[in-house]
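Predicted model only: the values in this text are computed from it and were never measured.
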Amino acid sequence: MLRHAAIVAQREALAVPLSRAAGMHTPALLVYDPSCAVIPVPYTIYERVPGETLGLLVLEPHDTPHVWHELGRDLARLHAHTKDLAPPP
């Protein structure tokens, strides 16, 4: 379990700054601590942003097409920005 948490935290610490550099709408990564010195698992802390978590909305995609179009644009930016990067291990 700890190994999985470490992998997830490390991937997020790499992916989030790349995503933001590509122009995606995602909160900034404020802290990444893989040392387990403060709490017994690696962790990340992000800036708080206003809005709703898309996956938690109780709406059908056809009810919020603008949200899904914006998400598609963000993903296209990300793929265009990272197409030359190697996949994570």
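Smallest separation of non-hydrogen atoms from Pro17 and Ala13: CD-O, 3.1 Å. For the pair Gly23 and Asp74, the tightest heavy-atom approach, listed with the atom from each and the gap, is O-OD1, 3.9 Å. Taking both residues in full, the closest heavy atoms of Asp33 and Ser35 are given as OD1-OG, 2.6 Å, listed atom of the first, atom of the second, then distance. Minimum interatomic distance between Val49 and Pro27 (heavy atoms only, all atoms of both residues): CG2-CG, 3.8 Å. Among all heavy-atom pairs drawn from Glu47 and Thr26, the shortest one is OE2-O, 4.4 Å. Here the closest non-hydrogen pair linking Pro34 and Pro42 is CA-CB, 3.9 Å.
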Pair Tyr32-Ile45, side chain to side chain contact (heavy atoms under 4.5 Å, CB included): steps then yes or no: CA-CA 7 Å; Tyr32 166 55; Ile45 299 175; over 6 Å; no
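One finds the OG1 atom of Thr64 at 10.0 Å from the CG atom of Leu71 (value rounded to the nearest 0.5 Å). To the nearest 0.5 Å, atoms CG (Leu59) and CD (Glu52) are separated by 9.0 Å. Taking CE of Met24 as the start and CG of Leu75 as the end, the distance is 5.0 Å to the nearest 0.5 Å. Atom CG of Leu30 and atom OG1 of Thr44 lie 9.5 Å apart (nearest 0.5 Å). Atom CD1 of Ile7 is separated from atom CD of Gln10 by 8.0 Å, given to the nearest 0.5 angstrom. In this structure, NE2 on His25 lies 6.0 Å from CZ on Arg77, to the nearest 0.5 angstrom.
Under a hydrophobic clustering in which Ile, Leu, Val, Met, Phe, Trp and Tyr are joined whenever their side-chain heavy atoms come within less than 4.5 Å, directly or via other members, Leu29 and Val41 fall into different clusters.
For Tyr46 and Glu12, the side-chain atoms include at least one donor-acceptor pair closer than 3.5 Å.
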